[in-house]
Amino acid sequence: MKSSDLLIPTIKEAPNDAKIISHQLMIRAGLVSKLASGLYSYLPIGLRVIQKIEKIIREEMNKSLAQELLMPVAHPAELWQESGRWEEYGPELLRFKDRHERDFCLGPTHEEVVTNIAKQYLRSYKQLPINFYQIQTKFRDEIRPRFGVMRSREFIMKDAYSFHIDEASLGETYQVMHQTYCNIFDRLGLEYKVVLADSGAIGGDSSHEFHVLADSGEDAICFSDQSDYSANIDRAETLPQGEPEPPKQTITVAETPNVKTIDDVCQLLNIKPKTTIKTLVVDGDNNSLIAIVLRGDHELNTVKAAKIKGVKLPLQMADEEKILQQLGCSIGSIGVVDLSIPIIVDYAAACLSDFVCGANEQGKHLTGVNWGRDVSKFVAADLRNVISGDPSPDGKGKLEIKRGIEVGHIFQLGTKYSDAMNANVIGEDGKAVNMNMGCYGIGVSRIVAASIEQNHDDKGIIFPESIAPFQLVIVPINYNKSSRVRKLADELYERFLSQGVEVLLDNRKERPGIMFADSELLGIPHRLVISDTHADSGNIEYKSRNEIDKIEIEFKAAIDFILAKLA
Ligand code: ATP
Ligand code: MG
């Protein structure tokens with residue numbers, strides 16, 4: 001392609017809202033254009049990158065014998081009501097009505113639709129296993145769209161869904177997808193880690209995420225310093241820590257007027273957060289409330305909390321008003337002594353003794369509180385985020401925490417959807433069986449951002465060859481003035497094209513400095529520069545985007561030289 005036929009809207013300065021490097025560079029290189037919060041257009045160069053990623057994904061998915069299909073973006077509410085997710089999914093699900101007042105949503109994921117297809121067309125175990133995939137636009141009304149296409153509201157996902165007669169078959173396909181994902185991410189040139197992920201209500205080791213490690217990552221990934229244990233913090237378990245010490249203190253009421261946070265309490269009473277507990281209150285089923293108790297310095301793990309029996313989904317902190325009404329004090333004063341609602345205590349809080357907590361009375365706290373003696377009814381559970389230095393749950397070493405960008409997720413769903421939607425086939429014994437399901441997602445648009453987070457320098461993007469918008473750029477100096485340069489550049493361009501090389505000929509009437517800067521900003525892996533001086537010498541200048549030095553090569557040898565680089 002020639003630059004004159006291509007929109008290259010590069011800019012020097014990134015907009016203020018672009019906080020991370022990939023977002024800045026994607027805007028500066030003219031890959032995407034923002035329409036509104038979390039909504040982006042892929043401009044021609046950005047789309048080329050997306051299409052290259054999609055091609056690799058298609059090739060590997062097809063190789064795994066998955067079958068491509070394409071499902072609608074708009075889904076009727078009935079399907080989501082059948083699975084129970086119309087209520088459960090929360091505000092990320094964008095719901096709307098059509099002109100006949102029928103309820104619809106924009107698909108954030110397609111388990112319901114694909115299960116509906118399976119239900120219609122799969123009749124016998126003989127048709128299984130089967131794996132359907134699509135590359136399609138998803139919509140999630142994210143609470144905080146940010147970082148450009150990294151967390152947008154509309155984005156492109158590859159999603160696949162497999163159907164099986166039993167768990168063993170699901171396990172086999174899961175392994176195939178695991179390997180397929182490794183092949184895909186290897187070919188995309190990403191450095192990634194596979195980590196244990198939360199598998200929702202199903203439990204077990206049936207979910208893995210693929211993470212690109214980068215400081216800008218939104219996920220915390222936990223690694224053992226002595227084993228290969230790695231897990232998303234959502235999933236990383238904490239273990240029970242043994243019995244608390246016997247009580248030494250008696251309960252005493254402390255006046256804590258105007259105190260709202262743990263830090264306030266600690267400052268006032270001159271104590272450390274780890275000797276206090278905080279009591280959070282979440283909504284339970286049937287308008288009930290549930291207290292969740294953590295050590296003062298620990299953070300709630302909302303994924304773990306959502307699994308507490310009787311908790312209303314999606315997990316939600318109870319309303320101030322409701323707390324005041326049912327418990328008689330505001331959230332900052334709630335404590336565990338004589339609390340009238342179920343109490344679930346994190347393991348670390350459950351082994352404290354002589355701790356401080358709210359007194360269930362406005363402006364008062366209790367000191368010297370002890371489990372057992374002062375609070376008899378409670379359940380201990382794993383409810384907090386692990387912190388750096390916690391013991392690894394496999395018993396080997398300590399946990400370290402790094403940041404990761406989730407680019408893929410594979411998941412054994414079991415029969416969750418086929419049970420809810422009655423999707424069955426006739427088994428070998430003639431009886432109907434609900435199908436086991438797996439699902440497998442890749443964030444296609446997020447990969448562009450993740451790749452840039454990993455591959456850039458102060459001049460711009462350094463795309464891996466496999467996803468670069470062009471493999472090669474030819475920059476002729478004075479293309480529009482020197483007929484010699486033009487002739488040589490055109491000839492080279494045509495020859496590369498006939499060799500199937502994705503080549504860009506920069507024939508713009510721009511200063512060389514701008515053409516060089518653009519080729520570097522865009523991250524095109526290979527660059528050839530041709531000028532009158534080169535024409536005199538019979539040489540041409542080559543530079544790899546990855547290396548600092550330029551080299552001179554013989555003009556005649558340029559094709560073979562580049563082809564060897566691309567091999
Ligand atoms: P996250 O924890 O980042 O919200 P998720 O668990 O909701 O991700 P999945 O439902 O597993 O994501 O979706 C499959 C893939 O789609 C993810 O691995 C991720 O790469 C991508 N993805 C999810 N949400 C977004 C988004 N808002 N913008 C861009 N890509 C996304
Ligand atoms: Mg999400």
Side-chain angles (χ1 to χ4, degrees), residues 20 22-23 26 31-32 34 36-40 42 46 50 53-54 57 61 85 88-94 106-112 114 133-161 174 177-178 181 184-185 188 190 192-200 202 206-214 216-221 231-235 301-303 306 314-315 385 403-413 416-417 437-454:
I20 60 169
S22 59
H23 187 190
M26 285 183 78
L31 304 184
V32 293
K34 181 172 171 178
S37 170
L39 303 179
Y40 287 84
Y42 299 98
I50 292 278
I53 296 171
E54 290 181 354
I57 294 176
M61 288 302 292
R85 289 207 292 183
E88 272 174 25
Y89 209 90
E92 255 184 44
L93 187 68
L94 187 69
L106 291 183
T109 177
H110 279 65
E111 283 82 4
E112 282 78 359
V114 80
Y133 80 96
Q134 64 174 348
I135 297 180
Q136 193 247 18
T137 295
K138 297 282 181 280
F139 193 95
R140 295 180 180 179
D141 205 353
E142 296 277 355
I143 186 163
R144 270 184 74 204
R146 65 199 136 146
F147 305 154
V149 300
M150 190 91 90
R151 181 166 302 281
S152 48
R153 294 195 293 167
E154 190 172 308
F155 59 96
I156 304 171
M157 195 200 286
K158 186 288 297 174
D159 43 333
Y161 307 88
Y174 188 79
M177 290 320 294
H178 190 296
Y181 272 39
I184 291 170
F185 294 125
L188 292 173
L190 290 172
Y192 61 93
K193 293 267 184 254
V194 190
V195 309
L196 275 176
D198 173 61
S199 45
I202 296 143
S206 52
S207 175
H208 288 87
E209 287 169 354
F210 292 72
H211 279 267
V212 165
L213 297 184
S216 58
E218 291 183 278
D219 285 46
I221 309 298
N232 191 309
I233 199 162
D234 289 347
R235 165 68 198 266
N301 181 311
T302 51
V303 173
L315 182 79
N385 282 335
R403 308 301 302 175
I405 301 168
E406 182 194 322
V407 288
H409 193 172
I410 57 176
F411 204 102
Q412 297 191 26
L413 291 168
K416 178 176 160 135
Y417 294 92
M437 274 176 78
C439 73
Y440 319 93
I442 292 183
V444 176
S445 34
R446 185 181 281 183
I447 282 172
V448 184
S451 173
I452 296 172
E453 287 295 320
Q454 237 171 27

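All residue numbers refer to positions in the sequence shown, counting from 1. Counting starts at 1 for both ligands and their atoms, in listed order. Just so we're clear, the structure is a prediction, and the values are computed from it rather than from any experiment.
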ask   = Are Phe210 and His178 near enough that their ring centres are under 6.0 Å apart?
value =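 They qualify: ring centres under 6.0 Å apart.
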task = Hey, can you tell me if His23 and Tyr40 have their rings parallel, tilted or perpendicular (30° and 60° cut-offs)?
result =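 Correct class here is perpendicular.
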ask   = Atom NZ in Lys158, atom CD1 in Ile442: separation rounded to 0.5 Å?
value =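 With rounding to 0.5 Å, NZ (Lys158) is 4.5 Å from CD1 (Ile442).
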Salt bridge between [X] and [Y], side-chain N to carboxylate O under 4.0 Å?
| X | Y | value |
| --- | --- | --- |
| Lys138 | Glu154 | no |
| Arg146 | Glu218 | yes |
| Glu142 | Arg153 | no |

query = Which protein residues have a heavy atom closer than 4.0 Å to any atom of ligand 1, listed by chain and number?
reply =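 Ligand 1 is contacted, at a heavy-atom distance under 4.0 Å, by Arg140, Glu142, Val149, Met150, Arg151, Ser152, Phe155, Met157, Glu406, Val407, Gly408, His409, Gly443, Arg446.
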